[in-house]
Protein chains: 2
Amino acid sequence: MAASAVLNAAKTSTRISDETRARVLAAAEKLRYRPNATARGLAHRRMNTLGVAATLVGDEPNQYFLEVFNGIIQRAAASGQTATVFTLGDWDEAARRIPDFCDGRIDGLILLAPLLEPDATPWLPEHTPIVSVHANHAIAGVVNLESDEETGAFEMTRRLLAMGHRRILHVGGPPGALGAERRARGYLRAHAEAGLAPPADHLLRGAYSVEAGRDALESWLCRHRGQPLPDVVFAASDAIGLGCTERLLARGLHVPDDISVVGFDDTVLARTARMATVRQPLRELGAKAVDVLLARIDARVQDRAYSGPRNIVLPTEVVVRATLAAPRKARLSIA
Amino acid sequence: MAASAVLNAAKTSTRISDETRARVLAAAEKLRYRPNATARGLAHRRMNTLGVAATLVGDEPNQYFLEVFNGIIQRAAASGQTATVFTLGDWDEAARRIPDFCDGRIDGLILLAPLLEPDATPWLPEHTPIVSVHANHAIAGVVNLESDEETGAFEMTRRLLAMGHRRILHVGGPPGALGAERRARGYLRAHAEAGLAPPADHLLRGAYSVEAGRDALESWLCRHRGQPLPDVVFAASDAIGLGCTERLLARGLHVPDDISVVGFDDTVLARTARMATVRQPLRELGAKAVDVLLARIDARVQDRAYSGPRNIVLPTEVVVRATLAAPRKARLSIA
DNA sequence: TTGAAAGCGCTAACAA
DNA sequence: TTGTTAGCGCTTTCAA
């Protein structure tokens with residue numbers, strides 16, 4: 001009854017006499033009473049906690065994750081929720097572990113860049129609302145948030161072409177990854193629109209990391225010795241772009257005077273390296289994911305169906321920085 | 001009894017007959033039974049969840065926080081724990097909000113770089129073990145983890161002096177912040193050891209951010225027009241160092257040919273900008289904080305006193321990168 | 001080896 | 001306006 005009064009203070013002010021309320025408050029104060037969130041959660045079926053599932057491995061922090069996560073916790077805090085992180089070694093573990101996460105301690109789950117089969121339905125817990133950011137496939141029952149990567153890549157490539165760049169080397173992301181495909185598609189579409197066709201060997205694919213970018217570019221340069229140096233490297237991620245820049249500098253080439261470099265994502269890496277890039281609204285994506293998730297949770301609480309869209313696309317934007325300049329007039333050859 | 005059996009499978013294998021176990025397992029499977037962590041937590045008084053409290057505001061993600069946090073979640077996951085984040089707008093809110101966090105949903109709390117009064121004891125909940133990372137003061141009942149910032153700053157400064165640098169401008173952290181004091185102290189001690197005394201105006205103080213670094217250096221340079229350019233800028237954080245570099249480049253100065261820049265922390269900023277810095281083992285600090293916290297939680301569960309140290313200091317390390325070179329032979333003046 | 005019962009700390013519906 | 005009661009889903013005695 002103490003708890004009832006203390007709490008109802010906010011809800012039913014008429015229910016308790018002032019005298020009783022004062023007595024309860026005094027007692028609570030004296031006992032340093034703290035309501036227990038677990039018990040309350042049990043009774044209430046609501047923990048005011050959102051889960052975030054992501055793969056988070058390796059030594060170097062994944063900036064993509066960290067930026068989205070930053071957006072998530074800021075918005076969650078603003079909505080009176082807290083966020084708890086579940087790490088997956090690999091998305092193959094998802095079928096086994098995700099149902100365990102949805103065990104009453106979270107009200108909803110955000111999947112960060114999940115690599116899941118479209119038929120994940122059998123094991124996806126149906127009692128917990130789920131949203132995903134940059135899912136690789138549409139998943140039944142999961143609302144997805146993404147950014148318009150193809151248009152971003154398209155606009156960037158078009159801009160490069162308009163500046164006079166012609167030999168545009170695309171150091172792309174992993175084959176099969178939806179985002180990587182979309183970026184490559186934008187790159188190709190911009191060429192097609194300009195009536196151009198980039199040589200097939202100007203489109204590489206590999207992991208999204210600094211090392212992958214470094215190695216991919218280096219081996220490509222070695223294979224193309226004596227041929228003309230590309231005008232610009234269009235990396236499919238900022239990390240790749242950084243790796244490429246590193247190799248170019250190591251070869252004594254100047255960025256952007258000899259060759260430009262542009263990235264993708266606009267993580268802190270690009271901002272720090274003053275690298276031109278395609279901005280994905282990472283923090284907004286995280287914040288919006290929280291909004292949608294809360295809407296779904298509310299709908300469930302009120303036993304309504306969630307009526308919002310199943311897929312939400314946020315715009316991307318070309319960001320010009322110091323690593324992008326007009327192409328060199330005198331063409332260089334690869335040493 | 002189903003739950004009992006299912007769970008006791010791990011604990012008391014003799015208690016349940018094989019037949020019953022099989023029946024229970026089959027039923028659980030058919031019902032897609034999932035134990036409820038909240039109820040279990042209520043009964044068990046253990047959520048297997050660690051809390052992390054930090055101030056996390058502003059647009060640009062705080063890399064210091066993110067790196068420590070990365071270490072925390074990795075180690076927590078390895079120990080079968082999850083981490084939930086509580087954000088504070090300001091450490092002044094701590095007295096009001098921290099007791100609320102310790103409401104049964106977490107087993108222990110990690111305070112990230114707390115700015116707390118030493119007499120925080122009255123409101124610190126005594127039923128939840130707490131550890132801090134880089135606390136500003138010793139707090140009764142809280143085990144603190146930190147890194148040896150003074151030695152790091154000392155070693156870096158000594159190294160700069162040994163390279164022949166003499167005019168070392170220290171763009172320091174906020175006055176009153178323990179870490180900033182320690183960094184400044186190391187800077188001064190290295191000078192003293194070499195029988196040198198830096199001019200008083202070579203020691204600035206301000207916030208830890210890129211903007212603060214940029215503004216502090218710019219106004220300092222304006223105030224010292226015509227005087228000799230420093231040999232090197234020793235920034236009290238990577239962010240400050242980045243801000244300083246930005247201003248130097250904008251003035252047409254070359255780093256490190258005209259002037260060197262070194263930072264502090266070794267966040268992703270320094271790694272990306274190839275900036276020399278003093279490395280703080282941020283991820284290790286996070287991981288170790290988890291270890292100590294779990295040890296304290298176990299001690300409490302077993303009703304023992306925690307017997308480990310009250311303060312743990314991890315070493316720092318000088319990292320040399322491209323922004324540090326020998327001082328310029330011909331001295332430049334400030335334009 | 002199994003079943004029954006009490007309780008973790010709170011909420012909510014119902015009586016008084 | 002107040003007190004009582006019955007859960008929330010699980011764990012843990014204690015009997016049977």
Side-chain angles (χ1 to χ4, degrees), chain A residues 1-49 80 82 99-108 125-128 297 300-303, chain B residues 1-49 51 80 82 99-107 125-128 297 300-303:
Chain A
M1 55 247 107
S4 175
V6 169
L7 209 158
N8 284 357
K11 224 170 91 185
T12 328
S13 48
T14 61
R15 204 171 124 67
I16 305 286
S17 71
D18 283 357
E19 197 243 314
T20 311
R21 163 173 302 120
R23 260 192 320 135
V24 166
L25 254 20
E29 174 69 17
K30 200 168 73 192
L31 298 170
R32 297 170 110 260
Y33 170 79
R34 295 276 145 205
N36 179 312
T38 308
R40 175 178 287 174
L42 221 210
H44 232 193
R45 285 95 178 292
R46 178 76 187 246
M47 287 298 280
N48 291 313
T49 299
T82 58
D100 283 344
F101 301 158
C102 303
D103 55 6
R105 66 187 135 171
I106 58 173
D107 305 316
E126 63 269 30
H127 54 283
T128 305
I297 294 170
R300 160 165 315 250
V301 166
Q302 294 163 35
D303 233 344
Chain B
M1 57 245 119
S4 174
V6 170
L7 209 160
N8 285 356
K11 225 171 90 185
T12 328
S13 49
T14 62
R15 204 170 124 66
I16 304 288
S17 72
D18 284 357
E19 197 243 315
T20 311
R21 161 172 304 117
R23 259 191 321 134
V24 166
L25 254 21
E29 174 69 17
K30 198 168 74 194
L31 299 170
R32 295 169 113 260
Y33 170 78
R34 295 276 145 205
N36 178 312
T38 310
R40 176 178 286 174
L42 220 210
H44 231 191
R45 288 95 178 293
R46 178 77 187 247
M47 287 299 280
N48 292 310
T49 299
T82 57
D100 284 345
F101 301 158
C102 304
D103 55 5
R105 66 187 136 172
I106 57 171
D107 305 315
E126 63 270 28
H127 54 281
T128 304
I297 293 170
R300 158 164 318 247
V301 166
Q302 295 162 36
D303 233 343

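Per chain, numbering begins at 1; letters A, B, ... match sequence-line order. The figures that follow rest on heavy atoms only: side chains count, while hydrogens, waters and symmetry mates do not.
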Nearest-angstrom distance from the residue atom NE2 of His127(A) to C1' of dG9(D)
13 Å
Closest to the 5' end of DNA chain C, once Arg23(B) and Arg45(B) are matched to their nearest nucleotides, is Arg23(B)
Think Arg40(B) has a side-chain N or O under 4.0 angstrom from the OP1 or OP2 of dG9(D)?
no
Work out which heavy atom in Arg105(B) is nearest to a heavy atom in Thr49(B); give both atom names and the distance.
O-CB, 3.6 Å
Rounded to whole Å, CG of Asp107(B) lies from C1' of dC8(C) at a distance of 15 Å
Would you say a side-chain N or O of His44(B) is under 4.0 Å from OP1 or OP2 of dT12(D)?
yes
Distance check needed: dC10(D) P versus Asn36(A) CG, whole Å only.
17 Å
Those residues that, when tested against Arg34(B), pass salt bridge (charged side-chain N to carboxylate O under 4.0 Å, His left out) (two or more places apart):
Asp100(A)
Can you tell me the distance, in whole Å, between the CE atom of Met47(B) and the P atom of dG9(D)?
15 Å
By salt bridge (charged side-chain N to carboxylate O under 4.0 Å, His left out), which residues pair with Arg300(B), not counting sequence neighbours?
none
Take a 6.0 Å sphere around CD of Glu29(A) and say whether it holds more than 12 heavy atoms from other residues, nucleotides or ligands.
no
Let me know the distance between CG of Leu42(A) and C1' of dT11(D), rounded to the nearest Å.
12 Å
Whole Å only: how far is the CZ atom of Arg105(B) from the P atom of dC10(C)?
14 Å
For Arg46(B) and dT12(D), what is the distance between atoms CZ and P respectively, to the nearest whole Å?
13 Å
